[in-house]
Amino acid sequence: MLWLIAQKELKEIIRQGVLKILILTVLVLLLVSLVISFSYNRYIDSLHNKSEKESREMWDKQGDKNQHSAAHYGLYLLKPKSSSALWDNGLDRYTGAAIFIEPHVRNNTMFKAVQDSPMLAKWGEFTPSFIMLYILPLLILWITFNIVSKEREQGTYRLLKSQGVSSLKWIAGKTSAVWIITILLIVPVFLTAGIIFGKGAFFTVESFLLLLTYLLYAGIFIHIGIAVSALTKKSEISIIFLVGFWVLTTWVIPKITSSITQNIYPSPLESEFKKNIRDEIYKNGILRHDINHKNTIAFTKKVLEEYNVNDVSELPFNFNGYILQAAEDTNNIIFDRHYAELHKLYKKQTNVYTVSGLFSPFILARQLSMGLCKTDLWSHINFTKATDEYRKLFIKTINEDLIKSPYKPNQRFIRSNDLWENIPKFKYKLPGLKLFSEHYKYVYAIYLLWFLVSAGILLFTSKKIKF
Amino acid sequence: MIEAKNITKKFGSKTVLKDLNIKVNAGEIFCLLGANGAGKTTLINIFLNFISADSGKAYINNIDVEKHPSDSKKHLAYIPENLMLYPYLTGIENLKYFTNLAGKKYTKEELELFLSEAGLQKNYIHKRVSVFSKGMRQKVGIAIALAKNAKVLLLDEPTSGLDLKSAKEFADILKKLKAGNVAVLMTTHDLFRAKETGTDIGILKDGKLIDKFVSEEINYDTLEKLYINHIKI
Amino acid sequence: MIKHILYFEWKNIKRSKIVIWTAVILSLLIFLSIHTGNLAVKNQLDDIKKIKQEEKERHEKLLTDIEKVDAGEKKVNAYTNPKTPYMVGGKYGSYDIFKEPEELSFISMGQSDFFPYHYRISVRNRQLYSFLAGDDRMENPLNQQNSNFDLAFVLIWLLPLFVITFSYNILSSEKEFGTLKLLKASSVSITKILLAKILLRFIIITSITTVSILLLFYLYGVNISDNISGISKLFLFICAYTLFWFLISAIVNLFSKSSIVNAGIMFAVWLLLIITVPAILNIVSNYKYPVATRIEYVNFIREATYEIDNNSDKVLDEYFLSHPELGTRKSKNMPFWVYKNALKNKIIKDVSGNFVNHRNSQFNKQIEFINNFKYLSPAIVMQQALDKISGNSTSDFLKFQAEADECNDKWRMYFFPKILRDELMSKNDVLNLPKYR
């Protein structure tokens, strides 16, 4: 019975010229966006690889130099693209992709791609997730808005009722038909694109969770669309209501949330943030280059006492290297704490979005989509943490080499160049499912709730309409 | 068999049906005449359980429609005044859909047969309903009734808006159904058609059955005079 | 006759609740957007205040430190001496320039999400060009992605939807009620009736919009007489934009069959003009005129400065030889890398001209491309107009960048010989520093 009703709905949908064109348009848009996204990601990836390689080559061939000067010459690290970024470019354009590694300071990521072409940036990116989260719901709304009300309007409703069908089965049949179309539209494209563009890394839990996320999102719109169609007397009222819902949840609420977030949890000014760190280092850290600073003097005194010598030149190691590393060790804790606080603030801000998600499934779907494509904030922070771990190791290796070098007062030691290339290369492993579950388990729970509630509303509606 | 027992129905303060009793046996065609607003469609709606009566009982084949709505619907077929079908489906697809919904399964050949029996031209069977005229849609409705093997047929103004030829064809089909022991309740304000096809004729006014004749026992002129008289008062 | 039609239409509309609902929802949205826009501007002003305060403290500290050193109260070395041109020009004496928000900036946050509105003029800048500078705020990228809820958003995105719901069925509903035939039978032409209906709705929508905007401007303390040209431009664009959407509605109503088809077509036009066309223009402009990314710039610069970075002594010696006016090479007062960086920055400026010009020209070509095709979407025209009124347009920010670069260059070149000559600066020198703007 269910299949019978679904079959008839499918036949009708496919035979309607306008709907056929719309479905095909969405399919073409999806395919085009996949190709654009793939080629963009490949371009970015090759650019980043090339830049990181060049930066490393220049580091390797810098010649004989003092270790600390070499460290100051520094190294650029670039964020690799995950292959699943094919679906959702997420925040990548807003986070920047390059980090400069140098002693004394932890730098922020630089060069946001959005600043390279900001003119129309507000209009959104043409990625597969844009199609899935913005356009596909509209298609679904267009299929569903009159799926029930048109039977009233065209008069088939009375005849149907006289056949003694239960309203539950009737609505369920219609719902299955729209589900079938949606699944046929999404799943084959998802699987094919994943296999062709996914570079072998496609068969992961994340990929299928992503597919599920998109399907659930479509499902929410299917359920709400059909419920509204069943509840409204006229199709025009139904379409106005549904488009209103779409505009509110995909455009208005996210923007209002952004404004609310910026005002209740304002992000720090970069200059203020850096100044706070500088001030704290001045108070509690070690300033290597300010030998008259009280902390530097105290530290030097402590070392001299420990080794029971009168002058740093008498120490059994190179004091320059020793104090540089001591400054790193002390100051890094201060840096780490400030960044941890910043990330805590970001978490609070993100939680505001999650709460808004109670009113807009779009916000949740987009968060999950970005999270699963590893283009979200937490993946980015994971990258910055990895680069900072690498920075600590990088600087420590250099300093330890300096500690072993002979110490001559007022003269810089010159190190032969074999050290540079012996420092291990930066290898970044994309975060796994653990990071996702850590940050998104509640988001997914609310998201599932949306889905279940939408299904519940539909169920309730289909029982309530008089049959 | 169609039976209404002491049915009363009010919409707000307005009483539409007043203590109404009607009985149509198998093989009878009962034509219910009445002006607009006399309560004809309300009565049909009560038999379909689209609305429920304030008091009284409606039976289809001795089944209480309010207590067993889906059971009662198994035995009846209904053709509304303006029968609408799915425009994007063909005639036979519409027939198949509605009969399957009623729980009956037929082969393609059988369905085609029903449609020809109902008088639909062969070359229209596989055409989309969007090109059908009202009479052709009506025929698909009859085919649905035939396929359902309904023992009760409820017709709401079936011939209004049909041309002479279609109306004649429709009447012929009804006569065939009558022979197959179907009980037919048909509302109309077409006196001529009522006299022509009905076995019994009733006149409904202000929710009451004020007059009833056996069709064969009365001639057309008398019927017309009586009807106009009733309407006037 | 028109007056007669208008009168009856008005009676008709008044009785349906749509006018009240439109007025309530639209003015609520306008209120919210003006409120959040004002908050965003206030935050920007607070930031500027903070930065200025910090600048003041920096300058005061510089002067007191110099006094302390002169009085022998403070021991200093090459890294900490406040009197070196490096410290004066690079740290404590550096100054900030701002692109301060204008009084109408809250209308549209425009490009302020993507361009910094502050730049520090300092010889210590690693970023010699302001396009390399980062943001002022360490904003959560999630907020940047979602942008702000400003008046421009309400006007550009949502106002057309009100127009659509208000007018999609003006003729088709008459057809559906069956009154169209009666109208056709009368002596008035359908076009005239349609125009009258459109005119009335246009007046209603624009009055709701302009009156609530004006009222809110007044409540939020906008000086109306000072900004009269900006505000009248704003109203002019609102009228033109609304009129555009009503015209679309009129055309759709004239040619199509049923209300539902009208609603569908008009939402499709909305989707096309406001979402699809800009997104496609964005991609095409990026593909046609790819801007060299700043990562490419960095690698280019690292390649070009390889010699000075790894052979600094030699390069510095050569430079002094070819510039006898700098005297002999000394490096006593400042760390060695200060001399090196001063020269390095000069070299970067000399070699990067072509790269930067190319980038800028590609950037300008993108802008030009978008300008040429912006008439495909009235939304882009509207956005650019509102950005211009609020002072947050691309050209406003590019102008600020150019200004920042010019100041930075002058500042750097002022200190460059002082650094290479290993000079120290006195309190008097610091008080008489040039201020470029």
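Sequence lines set the chain letters: A, B, ... in the order given, protein chains first and strands last, and positions in each chain run from 1.
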Can you tell me how far apart [atom1] ([X]) and [atom2] ([Y]) are? Round to the nearest 0.5 Å.
X	Y	atom1	atom2	result
Glu296(C)	Ser51(A)	CD	OG	6.5 Å
Lys255(A)	Met109(C)	NZ	CE	12.0 Å
Ile135(A)	Ile275(C)	CD1	CD1	5.5 Å
Met119(A)	Thr394(C)	CE	OG1	6.0 Å
Met110(A)	Leu132(C)	CE	CG	9.0 Å
Leu345(A)	Asn140(C)	CG	CG	8.0 Å

Looking only at heavy atoms and a cut-off of under 4.5 Å, which of [options] has the most pairs with chain A?
options	value
Gln366(C), Gln111(C), Arg120(C)	Gln111(C)
Gly110(C), Pro335(C), Pro290(C)	Gly110(C)
Thr36(C), Val291(C), Asp47(C), Thr165(C)	Asp47(C)
Asn282(C), Ile370(C), Asn299(C)	Asn299(C)
Thr276(C), Leu281(C), Ile283(C), Asp387(C)	Ile283(C)
Asn43(C), Ile51(C), Val298(C), Ile367(C)	Val298(C)

Go through the atoms of [X] and report whether side chain, backbone, both or neither lie under 4.5 Å from a heavy atom of chain C.
X	value
Tyr353(A)	side chain
Glu57(A)	neither
Asn108(A)	side chain
Leu138(A)	side chain

Within the supplied structure, the quantity of interest is the number of heavy atoms (other residues, nucleotides, ligands) at a distance under 6.0 Å from [X] [atom1]; does it exceed 12?
X	atom1	value
Lys344(A)	NZ	no
Lys75(C)	NZ	no
Tyr73(A)	OH	yes

Exercise. Is it possible for you to check whether Lys122(A) lies under 6.0 Å from the centre of the six-membered ring of Phe153(C), through NZ or CZ, and within 45° of that ring's axis?
Key: no
Quiz prompt | Cation-pi geometry met for Lys112(A) and Phe114(C) (6.0 Å, 45°) | solution = no
Compare every heavy atom of [Y] with every heavy atom of [X], then report the nearest pair and how far apart it is.
X	Y	value
Arg359(C)	Gln115(A)	NH2-O, 4.1 Å
Tyr306(C)	Gln62(A)	OH-CA, 4.0 Å
Trp246(A)	Leu271(C)	CH2-CD1, 4.4 Å
Gln145(C)	Gly90(A)	NE2-O, 3.6 Å
Arg294(C)	Asp116(A)	NE-OD1, 3.4 Å
Ser147(C)	Ser258(A)	O-OG, 2.8 Å

Name the member of [options] that forms the most heavy-atom pairs with chain C at distances under 4.5 Å.
options	answer
Lys50(A), His72(A), Gln262(A)	Gln262(A)
Phe126(A), Tyr76(A), Trp142(A), Phe273(A)	Tyr76(A)
Thr350(A), Leu269(A), Ile363(A)	Leu269(A)
Ile239(A), Leu377(A), Val114(A), Val243(A)	Val243(A)
Phe111(A), Phe100(A), Tyr40(A), Tyr265(A)	Phe111(A)
His48(A), Glu102(A), His380(A)	Glu102(A)

Indicate yes or no: at least one non-hydrogen side-chain atom of [X] is less than 4.5 angstrom from one of [Y].
X	Y	answer
Glu54(A)	Phe300(C)	no
Thr261(A)	Asn143(C)	yes
Trp157(C)	Val247(A)	no
Asn310(C)	Lys65(A)	yes
Ile240(A)	Tyr168(C)	yes
Asn146(C)	Thr257(A)	no

Residue [X] versus chain A: region with a heavy atom under 4.5 Å:
X	value
Tyr297(C)	neither
Gln362(C)	neither
Phe267(C)	side chain
Glu57(C)	side chain
Ala379(C)	both
Trp337(C)	neither
Asn169(C)	side chain

Quiz item: Run the side chain to side chain contact (heavy atoms under 4.5 Å, CB included) check on Ile36(A) and Tyr287(C) step by step: do they pass?
Solution: CA-CA 10 Å; Ile36(A) 289 175; Tyr287(C) 267 77; 4.2 Å; yes
Quiz item: Checking side chain to side chain donor-acceptor pair (under 3.5 Å) against Ser267(A), which of Gln144(C), Glu139(C), Arg137(C) comes through?
Solution: Glu139(C)
Exercise. List in chain and number order the residues that pass side chain to side chain contact (heavy atoms under 4.5 Å, CB included) with Pro278(C), two or more places apart in sequence or in another chain; answer none if no residue qualifies.
Key: Trp123(A), Ser377(C), Ile380(C)
Quiz item: Would Lys50(C) and Glu272(A) count as a salt bridge (Lys or Arg N to Asp or Glu O under 4.0 Å) if you check the C-alpha gap in whole Å, the side-chain angles of each, and the deciding distance to 0.1 Å?
Solution: CA-CA 8 Å; Lys50(C) 263 189 212 157; Glu272(A) 204 185 4; 3.4 Å; yes
